[in-house]
Q: 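My structure is below; once you've seen it, I'll send some questions.
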Amino acid sequence: MSDRPTVSLDELPSILEEGRRELAAAADPEGLRTAEQSVLGKRSPLAGLRASLGRLDPSERPAAGQRIERALHELRGLAERRRDELAEDQRRAALVADRLDLTEVVVDQVLGPIRRGHLHLVTQTQHELEDTFVGMGFEVAEGPEAETDWYNFEALNMPPGHPARGMWDTFYLKLGRPETVVLRTHTSPVQIRLMEGAEQEGRLPIHSVMPGRCYRRETPDARHLAIFHQIEGLVVDRHITFGDLAGTIETFTGAYFGPDIHSRLRPSYFPFTEPSAEFEITCTICHGAGCRTCSQPGWIELGGCGMVDPAVLAAVSIDPSQWSGFAFGFGIDRCAQMRHGIADLRSLMENDVRFLRQF
Ligand SMILES: [Zn+2]
C-alpha cells in the first residue's frame, strides 16, 4: 500500500474555489468556453484528481469519487447558469443597439436646422381677412360644417326643387331622413343662424363676417376644390342701402389688396339676395392694364353680394319693413391664389412642404 502515491483531496476545496471564480469572471461566451476548458476540461485539475482515483486504496475510492463528482456537478451547473446570463446580456445589448432613438436629431444634418412650422397659407389668409373686417367694425361668427337642409337651402330661399340647388352638387350625410343633412355648400347658413339668434335675443343690428370650410362635389382643377373656404359678410340694420354695400366692398378691397386696387359691381343672381351682384376687383397681376390672368379686361371676379331678400328676413321673423341688410361672400382660397399668384389651387391641398414653406 505504501508504494502507491498518495492522492490528497486536500486540494479539492481550493480547486473548487478557483473554478467558481474563473466561471463567474467569464465576460462573454468566448471567455466562458475558455474558462470551461480550464475548469472542466481533460487537462483540468479536477480531471487530474479523478484520474488519480485509481491509485487510492479501494476502500477510500467511493467517498473520494463522490466528493469529486459533487464538485464537477456544481461547476457544470455554474457554467450553465453563466451561459444563460451572458445570453441574456447579449439579447439586451442587441435590443438597445436596435432601438430607434426618437430624440436623436438627424434632420439637422440632412435638412438644415429644424424650423418651427407655421400656419397654412389659407389659415393665414383667413386671419388677415378677419383682421381687415374687424378693423372695419365687423364681428367674426362661426357655425357648424354639417348643416340641415333648412339652414343650407330652405331658409335661404331655396325650397326643395328650386333650380338654384342644382348649381351645387351637394354631399349629403347618412343622418336622419335621406337628403336632410348636408356638408354645408356655403357659409350662408351661419347668416341664418345669426339672424335667428339676433331676432330671438334682441341683438339686432348685425355686422358680422363668417369664415369657414365648405364642401361641394367639384372635380378639383386649377380653380376649383371640393373642400374650400369662404368668408361671408352680413349687415342687418335700419336704413341699409345698396350704397352701403358698394362702399363696404370698396373699403375692404383697398384695405386688403392695397390702395390701387378697386372694386366694381355687375348685376347677377343669387336666390337669397335681391338685387344681386358679382363684384370684381382690379386685376392684381396687371393692375388694370389687361393681361392673360384677367383675360384682358383688367378686372377679376372675386365674389357675390346683394341686398338680403326680404323673404329671407321674413323667414327668420325679422320685420323687413323695419330692417334691411346686405350680404357678400367670396373664396378665401381664391383670395390667397390672387394675392400670391398661385397657378393651381390644388397646391393648397397637396401638403407639399416645399410649396407651403414659401408663405
Ligand atoms: Zn390682369
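Each ligand, and each atom within it, is numbered from 1 in the order the structure gives. None of the values given here were measured: they were computed from a predicted structure.
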Q: Look at atom CZ of R238 and say whether more than 12 heavy atoms of other residues, nucleotides or ligands are closer to it than 6.0 Å.
A: yes
Q: Between F138 and F252, does the ring centroid distance fall short of 6.0 Å?
A: no
Q: In terms of side-chain geometry, is the basic nitrogen of R92 or E88 positioned less than 4.0 Å from the acidic oxygen of its partner?
A: yes
Q: Not counting sequence neighbours, list each pair that qualifies as a salt bridge (charged side-chain N to carboxylate O under 4.0 Å, His left out) and has a residue in residues 27-39.
A: E30-R33, E36-R83
Q: I want to know whether F330 and Y256 have ring centres closer than 6.0 Å.
A: no
Q: Within a radius of less than 6.0 Å around CD of E69, do more than 12 heavy atoms belonging to other residues, nucleotides or ligands occur?
A: yes
Q: What are the protein N/O/S atoms, named by residue and atom, that sit under 2.8 Å from the Zn ion (ligand 1)?
A: C283 SG, C286 SG, C291 SG, C294 SG
